[in-house]
Asks: 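Below is one structure. I have some questions about it.
First the proteins, then the strands, lettered A, B, ... as listed; each starts at 1.
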There are 2 protein chains.
Amino acid sequence: MVEGMVTMAGAGRDCSIANALGVIGERWSLLALREVLLGERRFDQIARNTGASRDILSARLRTLVERGVLAKVQYQERPPRYEYIPTEAGRALRPIMLGLMEWGDRYVTDGPGPTRWEHDCGAELHPEMVCGHCHAPVLPGTTRLVRLGQVR
Amino acid sequence: MVEGMVTMAGAGRDCSIANALGVIGERWSLLALREVLLGERRFDQIARNTGASRDILSARLRTLVERGVLAKVQYQERPPRYEYIPTEAGRALRPIMLGLMEWGDRYVTDGPGPTRWEHDCGAELHPEMVCGHCHAPVLPGTTRLVRLGQVR
DNA sequence: GGTGATAGGTTGGATTATTGGACCGACATC
DNA sequence: GATGTCGGTCCAATAATCCAACCTATCACC
């Protein structure tokens, strides 16, 4: 009844990746969020643009609201109409979406990427992950594991 | 028989995020990849550390190999034993995993993150997404949509 | 020779999730 | 009055997932 993904917390490594996926890892969740971040905030439009069936989308939006990724706001009375807007946590997923897009463009999608962004600097956007402190790229050899979550 | 996720390509917006999720978006796929990137490359160990059931994990690893994210390499004969190692595409997902970890630490996990990394510069790793060209942070107001995938 | 451990799965049966489509109430517009 | 929009819910059929048990093969030990 709750959500299947929740059972995931019961075993495996204690890990924020697993915890994050417990919130946004179910099918359609990220695609719904993609639409909201693109500015599509109405149920019907999100349904059309993702291809999700309406009842699953309804369930996903509900969990995303419960978990604080989206907020559901009434924008008119009579008849009551709602829109979904991203919370701070939702907006914080934007870099991850762009990272996924970059990865998909490079390793999955044939031909040029169907969606393209330009940065303020004028260049086509190809995001890169850097250390928040020294701003050097985060490459495999440049990090050291300090502490690892235990397997429960 | 193929994979449920594949049907996703049939509708919705033409989008590399959706395409990427078609490869790595199923449950357990990213957690299996997490273990491989942490250096756990044997089936039993991945099963224990993720908490996935063995048959599902077996299916997920097979798709990840088919799709070029992992490679399955025999490391001994008699009895034949295999290990899973990341391909270039798999290693390219490391920044996304770190981004997910950062997001989970901040918005989902209670208390301090269970897993922590240190960068070469000496600081605890808090990755950040920047423009690959000018190296400025990718903030919501600093990008412009040039082209958007069509809804099919 | 027998027992147990390790490795990498497969099989079966029960439980859940997902799907597409139909349907609904409250309007608004033609 | 008919049709359309919006934000969903409900339904039956299908598909995926889960867990436990089992299997094959080898090695180590006694």
Side-chain angles (χ1 to χ4, degrees), chain A residues 1-12 18 21-22 24-32 35-36 40-66 70-85 152, chain B residues 1-12 18 21-22 24-32 35-36 40-66 70-85 152:
Chain A
M1 180 86 288
V2 193
E3 286 298 324
M5 219 84 188
V6 171
T7 65
M8 198 161 71
L21 292 176
I24 53 156
E26 286 179 303
R27 205 175 160 187
W28 306 115
S29 295
L30 272 186
L31 295 186
E35 291 301 316
V36 172
E40 298 289 2
R41 295 176 176 187
R42 318 266 261 257
F43 185 88
D44 271 39
Q45 210 54 47
I46 298 171
R48 246 188 301 277
N49 293 359
T50 57
S53 65
R54 303 170 65 78
D55 58 350
I56 297 298
L57 180 62
S58 171
R60 291 296 173 271
L61 290 172
R62 204 171 354 204
T63 11
L64 288 174
V65 169
E66 277 167 15
L70 296 179
K72 184 176 181 175
V73 175
Q74 187 164 3
Y75 67 87
Q76 75 173 39
E77 296 181 41
R78 315 190 45 79
R81 290 286 177 269
Y82 305 93
E83 62 181 350
Y84 295 91
I85 61 171
R152 285 171 303 206
Chain B
M1 179 86 285
V2 193
E3 287 300 324
M5 219 86 187
V6 170
T7 64
M8 198 162 69
L21 291 176
I24 54 155
E26 287 178 302
R27 205 178 160 185
W28 307 115
S29 295
L30 273 187
L31 295 186
E35 291 302 315
V36 172
E40 298 289 2
R41 293 174 178 189
R42 319 266 260 258
F43 185 87
D44 270 40
Q45 212 52 49
I46 298 171
R48 247 189 302 278
N49 293 357
T50 56
S53 60
R54 302 169 69 77
D55 57 348
I56 297 297
L57 180 61
S58 172
R60 290 297 171 271
L61 290 172
R62 202 168 320 135
T63 9
L64 288 174
V65 169
E66 277 169 14
L70 297 179
K72 185 177 181 175
V73 175
Q74 188 164 3
Y75 68 88
Q76 77 173 35
E77 298 180 37
R78 314 186 48 76
R81 290 290 177 265
Y82 305 92
E83 60 182 351
Y84 294 91
I85 61 172
R152 285 173 302 208

Asks: Could you give the CZ-to-P distance, from B:Arg60 to C:dT10, as a whole number of Å?
Replies: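 Atom CZ in B:Arg60 sits about 14 Å away from atom P in C:dT10.
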
Asks: When the distance from CD1 of B:Ile56 to P of D:dA15 is rounded to whole Å, what number comes out?
Replies: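 These atoms are roughly 16 Å apart.
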
Asks: Report the distance from atom CG of A:Leu57 to atom C1' of C:dG21, rounded to the nearest whole Å.
Replies: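 Distance, rounded to whole Å: 16 Å.
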
Asks: How long is the line joining CD of B:Gln74 and C1' of D:dA25, in whole Å?
Replies: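 So the CD-C1' distance, B:Gln74 to D:dA25, works out to 13 Å.
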
Asks: Using a cut-off of less than 4.0 Å, is there contact between a side-chain N or O of B:Trp28 and OP1 or OP2 of D:dT17?
Replies: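 No, no such contact exists.
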
Asks: What is the distance, to the nearest angstrom, from the CG atom on B:Asp44 to the P atom on D:dC23?
Replies: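 After rounding, the reported distance stands at 18 Å.
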
Asks: Among C:dC27, D:dG8, C:dT19, which is the nearest nucleotide to the side chain of A:Pro79?
Replies: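 Nearest to the side-chain atoms of A:Pro79, counting from C-beta on, is C:dC27.
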
Asks: Drop me the distance from A:Ile56's CD1 to A:Arg27's CZ, to the nearest 0.5 angstrom.
Replies: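 Spacing of CD1 (A:Ile56) from CZ (A:Arg27) equals 9.5 Å.
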
Asks: By nearest nucleotide on DNA chain C, pick out whichever of B:Leu61 and A:Ser53 is the more 5' one.
Replies: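 Per heavy-atom nearest nucleotide, the more 5' residue is B:Leu61.
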
Asks: I would like to know whether A:Leu64 and A:Ile24 meet side-chain contact (heavy atoms from CB on, under 4.5 Å); could you show each step before the answer?
Replies: CA-CA 7 Å; A:Leu64 288 174; A:Ile24 53 156; 4.2 Å; yes

Asks: Starting at the 5' end of DNA chain C, which residue's closest nucleotide do you reach first, B:Arg48 or B:Arg62?
Replies: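 Nearest nucleotide further toward 5': that of B:Arg48.
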
Asks: At their closest point, which heavy atom of B:Leu21 faces which heavy atom of A:Leu31, and how far apart are they?
Replies: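 Minimum heavy-atom separation between B:Leu21 and A:Leu31: CD1-CD2, 4.0 Å.
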
Asks: Within this structure, what is the OH-to-C1' distance between A:Tyr84 and D:dC6, rounded to whole angstrom?
Replies: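 Result: 11 Å.
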
Asks: With A:Arg42, which of A:Tyr75, A:Tyr82, A:Tyr84 fulfils side-chain hydrogen bond (donor to acceptor under 3.5 Å, both in side chains)?
Replies: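 In the set A:Tyr75, A:Tyr82, A:Tyr84, the residue that makes a side-chain hydrogen bond (donor to acceptor under 3.5 Å, both in side chains) with A:Arg42 is A:Tyr75.
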
Asks: Check every atom of D:dT9, D:dG7, C:dG9 against the side chain of A:Tyr82 and return the nucleotide holding the closest atom.
Replies: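 Of all the options, the side chain of A:Tyr82 is nearest to D:dG7.
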
Asks: Classify the side chain of B:Arg54 versus the base of C:dG8 as yes if they form a donor-acceptor pair under 3.5 Å and no if they do not.
Replies: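 Answer yes: a donor N or O sits under 3.5 Å from an acceptor.
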
Asks: Specify the separation, in whole Å, of atom CZ of A:Arg27 and atom P of D:dT17.
Replies: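 One finds 9 Å between P of D:dT17 and CZ of A:Arg27, rounded.
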
Asks: Need to verify one output field. Residue with the more 5' nearest nucleotide on DNA chain D, A:Ser58 or A:Arg81?
Replies: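 Checking each residue's closest nucleotide, the 5'-ward one belongs to A:Arg81.
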
Asks: Of all heavy-atom pairs between B:Leu57 and B:Ala32, which one has the smallest distance, and what is that distance?
Replies: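 Minimum heavy-atom separation between B:Leu57 and B:Ala32: CD1-CB, 4.0 Å.
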
Asks: A:Asp55 CG to D:dA12 C1': how many Å, rounded?
Replies: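 The distance from CG of A:Asp55 to C1' of D:dA12 comes to 12 Å, rounded to the nearest Å.
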
